[in-house]
Engineer: 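So that we are looking at the same thing, I have put the structure below in structure tokens.
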Amino acid sequence: LGENLISQTDDGKLVMMLPDGLAGNGADIVRGLQNVLGQNFLIAGGAAGDDFLFKKTYEYYNDQVVSGAVVGAMVSGDVKFGIGVRHGWKPIGAPKKATKSKGAILYELDNKPAVQIYEEYFGKKAEELKSEPLARIAITYPLGLKIQNSDEYLIRDPITVGDQGEITCAAEVPEGSEINLMMGSKSDAIEAALQAAEQCIQGIKEKGGSKVTTAVIFNCIARDKLLAQDAQKEIDVIKKVLGNSAEMIGFYTYGEQAPIGGHTAIIKKTCKSEFCNETMVIVAFGE
């Protein structure tokens, strides 16, 4: 995909990617694209989902409907845009080390079965966590991967518990990572959406723009489940920040892709994108 995109223009500014949320390793897909485009090339997008069924998703490519694919578009030319990326989840308790993991499967934390981190906090045995999908608890209490040399955390959604207490997550958990249990709330999620919208405004101003004309929103399905009847409040707060003249479109995702912190300028920060969970990603265009 990366090679195809750069063959079409030498003035690319941003790639918007739409992968299948149930196919392959999402973090690998982002890395593959980043390796071709460059470590500081801006990538943002969201993975297709199927409303918590976890069976099959679809992507559009021109007049085709495909599955198990990654579709992307290159934005080029004289364009002003900003990217907002926030999740609002906060670490609780002491960090633990991922002492055994492979891909999206987290086997051990501090040399103990990974599920114990939830047993300790919620007083539930592994058997109970198997019968009631861990994904329901993780909507409010996901796992967070500490980003090195940063205050930021990558959120990882635990999905299921295996027979040995291993946790399968919605994206990879590298062995050796520092892991925290994270806690979220409706108010924190809405505040994160507001902050992401403000980041977009700042990004457009840095490129000489003054207002947002259009915004594309990639928002994790877990945030919709958390907010439930208050989901509209998240949309309303984004609209308030971006302005009434801004057109908005988007969907609920199975993972989001964006530079952590929403950095769109290489100023002491990297623009390298990551595969995120439970995160609000906004790509805003302006003039």
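Values reported hereafter were calculated over all heavy atoms of this structure, with side chains retained and with hydrogens, waters and symmetry mates removed. Owing to the predicted nature of the structure, the values given are computational and were not obtained by experimental measurement.
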Engineer: Check N277 against G255 and note the closest heavy-atom contact, atom names and distance.
Structural biologist: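 Closest approach of N277 to G255: ND2-CA, 3.9 Å.
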Engineer: Within the structure provided, determine whether R156 and L145 are in side-chain contact (heavy-atom separation under 4.5 Å).
Structural biologist: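 Yes - at least one pair of side-chain heavy atoms lies under 4.5 Å apart.
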Engineer: With a 4.5 Å limit on heavy-atom distance, are the side chains of V15 and L37 in contact?
Structural biologist: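 With C-beta onward as the side chain, the pair touches.
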Engineer: In the structure I gave you, are the side-chain heavy atoms of K205 and S210 within less than 4.5 Å of one another anywhere?
Structural biologist: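 Of all side-chain heavy-atom pairs linking S210 with K205, none is under 4.5 Å.
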Engineer: Determine whether I43 and M17 satisfy the following criterion, side chain to side chain contact (heavy atoms under 4.5 Å, CB included), listing intermediate values before the conclusion.
Structural biologist: CA-CA 7 Å; I43 300 169; M17 66 184 298; 3.4 Å; yes
Engineer: Given side chain to side chain contact (heavy atoms under 4.5 Å, CB included), test V71 with Y60 step by step and report yes or no.
Structural biologist: CA-CA 8 Å; V71 177; Y60 291 107; over 6 Å; no
Engineer: How long is the straight-line distance from CD1 of I282 back to CD of E198, given to the nearest 0.5 Å?
Structural biologist: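 Here the interatomic distance stands at 10.0 Å.
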Engineer: Inspect the contact between K97 and E178 and indicate whether a charged nitrogen and a carboxylate oxygen are less than 4.0 angstrom apart.
Structural biologist: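 No, E178 and K97 are not salt-bridged.
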Engineer: Please report the interatomic distance CD1(I83) to CD(Q257), rounded to the nearest 0.5 Å.
Structural biologist: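 With rounding to 0.5 Å, CD1 (I83) is 11.5 Å from CD (Q257).
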Engineer: Is the closest basic N to carboxylate O distance between E120 and K96 below 4.0 Å?
Structural biologist: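 Yes.
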Engineer: Please give me the minimum heavy-atom distance between C276 and L154, naming the atom from each residue.
Structural biologist: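 Smallest heavy-atom distance, with atoms named: SG-CD2, 3.8 Å.
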Engineer: Looking at D230 and K233, does any basic side-chain N land under 4.0 Å from a carboxylate oxygen?
Structural biologist: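 Counted as a salt bridge, because a side-chain N and a carboxylate O are separated by less than 4.0 Å.
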Engineer: Can you give me the closest heavy-atom contact between L1 and G72, atom names plus distance?
Structural biologist: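 L1 and G72 have their closest heavy atoms at CD1-N, 3.8 Å.
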Engineer: For the residue pair E191 / Q195, report whether a side-chain donor-acceptor contact shorter than 3.5 Å exists.
Structural biologist: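 Result is yes, a qualifying pair exists.
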Engineer: Under a 3.5 Å distance rule, please check whether N180 uses its side chain to pair with a backbone N or O of G93 as donor and acceptor.
Structural biologist: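 It does hold such a pair.
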Engineer: Around K112, counting heavy atoms of other residues, nucleotides and ligands shown, do more than 12 lie under 6.0 Å from its NZ?
Structural biologist: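 Counting neighbours around NZ of K112, 12 or fewer heavy atoms of other residues, nucleotides or ligands fall under 6.0 Å, so no.
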Engineer: Do you reckon L22 sits in the same ILVMFWY cluster as V30, going by side-chain contacts under 4.5 Å, direct or chained?
Structural biologist: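 Different hydrophobic clusters.
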Engineer: Determine whether more than 12 heavy atoms belonging to other residues, nucleotides or ligands lie under 6.0 Å from atom CD of Q8.
Structural biologist: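 For Q8, atom CD is crowded (more than 12 foreign heavy atoms under 6.0 Å).
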Engineer: Please find out if less than 6.0 Å separates the ring center of Y141 from that of Y118.
Structural biologist: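 No; Y118 has its ring centre 6.0 Å or more from that of Y141.
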Engineer: Taking it one step at a time, do E172 and R31 satisfy salt bridge (charged side-chain N to carboxylate O under 4.0 Å, His left out)?
Structural biologist: CA-CA 12 Å; E172 72 173 15; R31 274 195 295 268; 2.8 Å; yes
Engineer: Given the rule that I, L, V, M, F, W and Y join up when any side-chain heavy atoms are under 4.5 Å apart, are M248 and I190 in one cluster?
Structural biologist: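 Yes; I190 is reachable from M248 via cluster members.
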Engineer: Does K272 offer a backbone N or O that forms a donor-acceptor pair with the side chain of Q34 under 3.5 Å?
Structural biologist: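 Side chain of Q34 to backbone of K272: no pair is present.
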Engineer: Please round to the nearest 0.5 Å and tell me the distance separating atom CZ of F285 and atom NZ of K80.
Structural biologist: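 Taking CZ in F285 and NZ in K80, the distance rounds to 13.0 Å.
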Engineer: Check the surroundings of atom NZ in K211: do more than 12 heavy atoms from other residues, nucleotides or ligands lie under 6.0 Å from it?
Structural biologist: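 No, NZ of K211 has 12 or fewer neighbouring heavy atoms, counting only those of other groups under 6.0 Å.
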Engineer: Do the non-hydrogen side-chain atoms of C220 and Y252 ever get within less than 4.5 Å of each other?
Structural biologist: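 The answer is no; the side chains never approach within 4.5 Å.
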Engineer: Looking only at atom types and distance, does a side-chain atom of S177 sit under 3.5 Å from a main-chain N or O of I179, one as donor and one as acceptor?
Structural biologist: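 No, S177 side chain to I179 backbone: no donor-acceptor pair under 3.5 Å.
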Engineer: If you look at every heavy atom in E166 and I105, which pair is closest and at what distance?
Structural biologist: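 That would be CG-CG2, 3.9 Å.
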Engineer: More than 12 heavy atoms of other residues, nucleotides or ligands under 6.0 Å from CG of D11: is that the case?
Structural biologist: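 Enclosed: over 12 neighbouring heavy atoms sit under 6.0 Å from CG of D11.
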Engineer: Can you confirm whether N35 is buried at CG, in the sense that more than 12 heavy atoms of other residues, nucleotides or ligands lie under 6.0 Å from that atom?
Structural biologist: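 Yes, CG of N35 has more than 12 neighbouring heavy atoms, counting only those of other groups under 6.0 Å.
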Engineer: When you look at K239 and D236, which way does the salt bridge (charged side-chain N to carboxylate O under 4.0 Å, His left out) test go after all the steps?
Structural biologist: CA-CA 5 Å; K239 185 72 171 175; D236 290 343; over 6 Å; no
Engineer: Apply the test side chain to side chain contact (heavy atoms under 4.5 Å, CB included) to residues L18 and V70: give CA-CA distance (whole Å), side-chain angles for both, the deciding distance (0.1 Å), then the verdict.
Structural biologist: CA-CA 6 Å; L18 302 166; V70 54; over 6 Å; no
Engineer: Before you tell me yes or no, could you show the steps for D51 and I221 under side chain to side chain contact (heavy atoms under 4.5 Å, CB included), namely the whole-Å CA-CA distance, both residues' side-chain angles and the distance that decides it to 0.1 Å?
Structural biologist: CA-CA 7 Å; D51 198 23; I221 185 69; 3.8 Å; yes
Engineer: Does T99 reach the main-chain N or O of N111 with its side chain, forming a donor-acceptor pair under 3.5 Å?
Structural biologist: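 Here the side-chain-to-backbone pair exists.
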Engineer: Can you give me the closest heavy-atom contact between Y254 and F52, atom names plus distance?
Structural biologist: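 Residues Y254 and F52, closest heavy atoms: OH-N, 2.6 Å.
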Engineer: Mind listing the closest non-hydrogen atom pair of A192 and G88 along with its distance?
Structural biologist: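 Between these two residues, the closest heavy atoms are CB-N, 3.6 Å.
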Engineer: Test your reading of the model: is there a side-chain donor-acceptor pair from W89 to the backbone of L143, 3.5 Å cut-off?
Structural biologist: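 Looks like no, no N/O pair under 3.5 Å.
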Engineer: So do the side chains of L227 and Q232 get within less than 4.5 Å of each other, counting heavy atoms only?
Structural biologist: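 When only atoms from C-beta onward are counted, Q232 and L227 do not touch, as no gap falls below 4.5 Å.
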Engineer: Looking only at atom types and distance, does a side-chain atom of S76 sit under 3.5 Å from a main-chain N or O of K13, one as donor and one as acceptor?
Structural biologist: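 No, the answer is negative, given that no donor and acceptor are paired below the 3.5 Å cut-off.
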Engineer: Where the side chain of K100 meets the backbone of A114, is there a donor-acceptor pair that is under 3.5 Å apart?
Structural biologist: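 Checked: no pair found.
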Engineer: For a quick check under 3.5 Å, do D50 and Y58 share a side-chain donor-acceptor pair by atom type?
Structural biologist: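 There is no such pair (donor and acceptor under 3.5 Å, judged by atom type) between the side chains of D50 and Y58.
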Engineer: Determine, using the 4.5 Å side-chain heavy-atom cutoff (strictly less than), whether V283 and I249 are members of one ILVMFWY cluster.
Structural biologist: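 Same hydrophobic cluster.
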Engineer: Taking NZ, NE, NH1 and NH2 as the nitrogens, is one of them in R86 or E152 under 4.0 Å from a carboxylate oxygen of the other?
Structural biologist: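 Here R86 pairs with E152 in a salt bridge, since their nearest N and O are under 4.0 Å apart.
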Engineer: If only side-chain N and O atoms count, and only distance matters, is there a donor-acceptor pair under 3.5 Å linking S185 with D188?
Structural biologist: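 Yes, because at least one side-chain N or O of D188 sits under 3.5 Å from a partner of the opposite role on S185.
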Engineer: Cluster question for you: counting only ILVMFWY and a side-chain heavy-atom cut-off of under 4.5 Å, with indirect links fine, are I204 and V75 together?
Structural biologist: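 Result: no, two separate clusters.
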Engineer: To the nearest 0.5 Å, tell me how far M74 CE sits from M16 CE.
Structural biologist: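 M74 CE to M16 CE: 13.0 Å, rounded to 0.5 Å.
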Engineer: Shared ILVMFWY cluster between F251 and I235, side chains joined below 4.5 angstrom?
Structural biologist: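 Cluster IDs for F251 and I235 differ.
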Engineer: Count the heavy atoms of every other residue, nucleotide or ligand shown that sit under 6.0 Å from NZ of K240, and state whether that count exceeds 12.
Structural biologist: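 No, the 6.0 Å shell around NZ holds no more than 12 heavy atoms from other groups.
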Engineer: For the CG atom of L181 and the CD1 atom of I92, what is their distance to the nearest 0.5 Å?
Structural biologist: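 Answer for the CG-CD1 pair, L181 versus I92, is 4.0 Å.
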Engineer: Does K207 count as lying over the ring of F81, i.e. NZ or CZ under 6.0 Å from the six-ring centre, within 45 degrees of the axis?
Structural biologist: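 Flagged: K207 positioned over aromatic ring of F81.
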Engineer: Output yes when a side-chain donor or acceptor of S245 lies under 3.5 Å from a complementary backbone atom of G243, and no otherwise.
Structural biologist: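 Between the backbone of G243 and the side chain of S245 there is no qualifying donor-acceptor contact (under 3.5 Å).
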Engineer: Could you state the interatomic distance from OH (Y121) to CE (M183), rounded to the nearest 0.5 Å?
Structural biologist: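 It comes to 10.0 Å.
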Engineer: Are more than 12 heavy atoms, taken from residues, nucleotides or ligands other than N4, located less than 6.0 Å from that residue's CG atom?
Structural biologist: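 Yes, enclosed.
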Engineer: State, without any angle test, whether D20 and T57 hold a side-chain donor-acceptor pair at a distance under 3.5 Å.
Structural biologist: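 T57 and D20 do have a side-chain donor-acceptor pair below 3.5 Å.
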Engineer: Assess whether a salt bridge exists between E234 and R223, defined as any Lys/Arg side-chain N lying under 4.0 Å from an Asp/Glu carboxylate O.
Structural biologist: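 The answer is yes: the pair qualifies as a salt bridge.
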Engineer: Does Y61 have more than 12 heavy atoms from other residues, nucleotides or ligands lying within 6.0 Å of its OH?
Structural biologist: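 Atom OH in Y61 is not packed in, count stays at 12 or less.
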Engineer: When you compare the side chains of N219 and E256, does any donor N or O come within less than 3.5 Å of an acceptor on the partner?
Structural biologist: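 Judged by distance alone, the side chains do not pair up.
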Engineer: Is there a donor-acceptor pair closer than 3.5 Å between any side-chain N or O of D157 and the backbone N or O of A170?
Structural biologist: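 No, D157 side chain to A170 backbone: no donor-acceptor pair under 3.5 Å.
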Engineer: Kindly say whether V173 contributes a backbone atom to a donor-acceptor pair with the side chain of S101 at under 3.5 angstrom?
Structural biologist: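 Checked: pair present.
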